[in-house]
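As structure tokens, the structure follows; a few thoughts come after it.
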Amino acid sequence: MARDESQDTFDANQESVIADKFVNMVTARAEVDLRLSDFEPVSSLTKPEHLPLRPKVDAIDAHNHLDSMEPAQVLAIMDRCGIERVINITMKTGDAALERLHSYHSADKDQFATIAWMNWDGVGQESFWGKLTDEFERMVEHGACGLKIWKDLGLSVRDASGKLLHIDDERLAPIFEKASELAVPVMFHTSDPDAFFRPIDRYNERYEELAAHPDWAFLDAEMSKGELLQQRDRVFARHPKTSFICAHVAESSENLARVSAMLDKHPNVCVDMSARLAELGRQPYRARDFFLRFQDRILFGTDLLPDDQMYRLHYRFFETFDEYFDYPSHASRQGRWQIYGIGLPQEVLVKLYRANAQRVFGWS
């Protein structure tokens, strides 16, 4: 049978028209100037949603910073959201710290507690070491229930010689022994997320957050994150009678195996999970196993200013098996992902929300 050349010509012309339309369509799309910071995709998933308004048992928020809020404002949110007590980790020192402590405790001594902030004023003078524990003792005398040592120890605090002060410097031993004597815990926030110690480049999954806050990055720090954590852990070993709290899942929420090993080795340590739902919620199977295994050693905390929606997203994570939903966060999100609920049993929720904090802080 003879070939119909007119049909070949028609097919070729049709393919050419289709190809031109495709090129034009792709070109039009490529010409759209959408900044990554403006990209806010809306999920098309259809899925069950469970939105608890209150926790299954009233909770203690064992990690917050309330210095910018007034007690009455916080109490109203607590009442709506089932929070029976908030621990304010004041970031003030000296008389300003006492003023905030008394402001909250006088508003409601049963619903507010305070953790003191380590005061490094004068650390560059040799006389500092002779009065190392003075302010700590004064804060406890006025009702503080613990002491927080922040990440500036190991990253920026320097002694009289100008050398970076190591976390396990023996000159700091009196502060940990004093905490044992006073029967109050010491909270450590040592280092930061792994991404903060990596280059701010296209491979860093928290690029947008770090690009907005480049001062949060520690790529050029004198000591690596691993060295900082090792120094911290040596303090735990040297002071077995002192109770320690590692904030933010011991700053290793991306590596729960590392946290588990630390907890196994140091029975005098517990962790709080504040400001780390973004990391925990994207590994729900491993996170659930972690919470079940260490159910007696994890404290509920948020490290986010009290807000109805913030608290309720925490309850959704702990109490449901909901999939792919927003995590509570500071103004800048930690990464471009969503989280999944871990549906903890009632007996574990009781410990997480309140019983563990009651034991650690000596409350009935």
Side-chain angles (χ1 to χ4, degrees), residues 61-63 89 146 148-151 153-155 167-168 176 185-198 205-206 218 221 223-240 242-304 314 317-318 327-329 334-335 337 339-345 348-349 351-353 355-357 359-360:
D61 184 347
H63 187 139
I89 305 171
K148 180 171 181 179
I149 296 179
W150 197 49
K151 61 187 176 184
L153 176 61
L155 287 172
I167 298 165
D168 59 348
F176 306 122
V186 174
M187 177 181 286
F188 266 107
H189 173 166
T190 298
S191 80
D192 260 336
D194 289 357
F196 289 14
F197 289 81
R198 294 172 179 163
E205 64 181 349
R206 294 173 74 158
F218 298 109
M223 290 182 285
S224 69
K225 176 172 179 173
E227 290 173 314
L228 294 169
L229 297 182
Q230 288 170 15
Q231 290 176 20
R232 179 203 65 188
D233 292 357
R234 282 195 286 272
V235 172
F236 301 156
R238 290 174 184 172
H239 302 277
T242 303
S243 175
F244 293 97
I245 302 168
C246 280
H248 314 307
V249 198
E251 287 301 349
S252 296
S253 52
E254 314 93 326
N255 187 346
L256 293 179
R258 180 163 61 192
V259 186
S260 298
M262 184 273 293
L263 289 173
D264 284 338
K265 188 173 182 179
H266 303 290
N268 56 327
V269 179
C270 63
V271 302
D272 79 35
M273 39 57 58
S274 61
R276 292 299 179 268
L277 250 57
E279 295 291 351
L280 295 169
R282 61 174 176 159
Q283 49 178 330
Y285 306 133
R286 184 177 293 275
R288 190 173 195 274
D289 288 344
F290 177 79
F291 276 86
L292 293 177
R293 180 180 174 192
F294 295 105
Q295 59 187 268
D296 297 308
R297 299 174 66 186
I298 306 174
L299 307 183
F300 172 71
T302 62
D303 191 32
L304 297 166
H314 280 83
F317 170 70
F318 287 123
Y327 55 81
S329 170
Q334 295 171 21
W337 59 78
I339 65 170
Y340 301 77
I342 60 174
L344 294 175
V348 177
L349 291 172
K351 296 176 182 180
L352 169 69
Y353 281 148
N356 292 344
R359 183 187 71 252
V360 168

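Worth knowing before you read on, the calculation uses all heavy atoms, side chains too, and leaves out hydrogens, waters and symmetry mates.
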Taking H189 as the fixed residue, which of K151, H63, E251 is the one that meets the side-chain hydrogen bond (donor to acceptor under 3.5 Å, both in side chains) rule? E251

pair S253-H248: side-chain heavy atoms closer than 4.5 Å: no

Given side chains that start at C-beta, do those of L349 and F318 come closer than 4.5 Å, heavy atoms only? yes

When you look at I149 and V186, which way does the side-chain contact (heavy atoms from CB on, under 4.5 Å) test go after all the steps? CA-CA 7 Å; I149 296 179; V186 174; 4.0 Å; yes

Show your working on side-chain contact (heavy atoms from CB on, under 4.5 Å) between D272 and D303 and close with a plain yes or no. CA-CA 10 Å; D272 79 35; D303 191 32; over 6 Å; no

What one should report as the nearest heavy-atom pair of E205 and W337 is OE1-CZ3, 3.7 Å

Rounded to the nearest 0.5 Å, what separation is found between the CG atom of N255 and the CD atom of E279? 11.0 Å

Mind checking whether V235 and F188 have side chains closer than 4.5 Å, heavy atoms only? yes

Of all heavy-atom pairs linking L280 and M273, the shortest is CD1-CB, 4.0 Å

Could you list the residues that satisfy ring pair (Phe, Tyr, Trp, His ring centres under 6.0 Å) with F294, not counting sequence neighbours? F290

For V271 and V259, which heavy atoms make the closest approach, and how far apart are they? CG1-CG1, 4.2 Å

Would you say that S274 contacts T302 through its side chain, given a criterion of any heavy-atom pair below 4.5 Å between the two side chains? no

Within a strict 4.5 Å, meaning less than it, do heavy atoms of the R238 and D168 side chains meet? yes

R286, CZ atom: more than 12 neighbouring heavy atoms under 6.0 Å: no

S191 and L229: which non-hydrogen atoms are nearest, and at how many Å? OG-CD2, 3.9 Å

Aromatic contact between F317 and Y327, with the criterion being ring centroids under 6.0 Å apart: yes or no? no

R359: partners by side chain to side chain contact (heavy atoms under 4.5 Å, CB included), with sequence neighbours left out: N356

Mind checking whether F236 and F244 have parallel, tilted or perpendicular rings, split at 30° and 60°? tilted

For D289, enumerate each residue passing the side chain to side chain contact (heavy atoms under 4.5 Å, CB included) test, keeping only those at least two apart in sequence or located in another chain. none

Taking the six-membered ring for Trp, are F197 and F218 closer than 6.0 Å centroid to centroid? yes

Please report the shortest heavy-atom distance between G301 and D61, naming the atom on each side. CA-OD1, 3.3 Å

side-chain contact (heavy atoms from CB on, under 4.5 Å) for L299 and C270? Distances and angles first, verdict last. CA-CA 8 Å; L299 307 183; C270 63; 4.3 Å; yes

Presence of salt bridge, R258 and D194, under 4.0 angstrom: yes

For P328, which residues count as a side chain to side chain contact (heavy atoms under 4.5 Å, CB included) partner, sequence neighbours excluded? L277, L304, M310, L313, H314

Less than 4.5 Å apart, any side-chain heavy atom of M223 and any of Q231? yes

To the nearest 0.5 Å, atom CZ of R206 lies from atom CG of D192 at 8.5 Å

For residues 259-270, the side-chain hydrogen bond (donor to acceptor under 3.5 Å, both in side chains) pairs (sequence neighbours left out) are D264-R293

Please report the C-alpha distance between V249 and L256 in whole Å, then the side-chain angles of each, then the deciding distance to 0.1 Å, and finally whether the side-chain contact (heavy atoms from CB on, under 4.5 Å) criterion is met. CA-CA 8 Å; V249 198; L256 293 179; 3.9 Å; yes

Do L352 and Q295 come close enough that some side-chain heavy atom pair is under 4.5 Å? no

From Q230 CD over to T190 OG1, what is the distance, rounded to the nearest 0.5 angstrom? 12.5 Å

Over all atoms of both residues, closest heavy-atom pair of M187 and A62: CE-O, 4.1 Å

Listed by chain and number, what are the salt bridge (Lys or Arg N to Asp or Glu O under 4.0 Å) partners of R232, not counting sequence neighbours? none

Side-chain heavy-atom pair M262, V269 within 4.5 angstrom cut-off: yes

Output the distance between atom CZ (R276) and atom CD (Q334), rounded to the nearest 0.5 Å. 6.0 Å

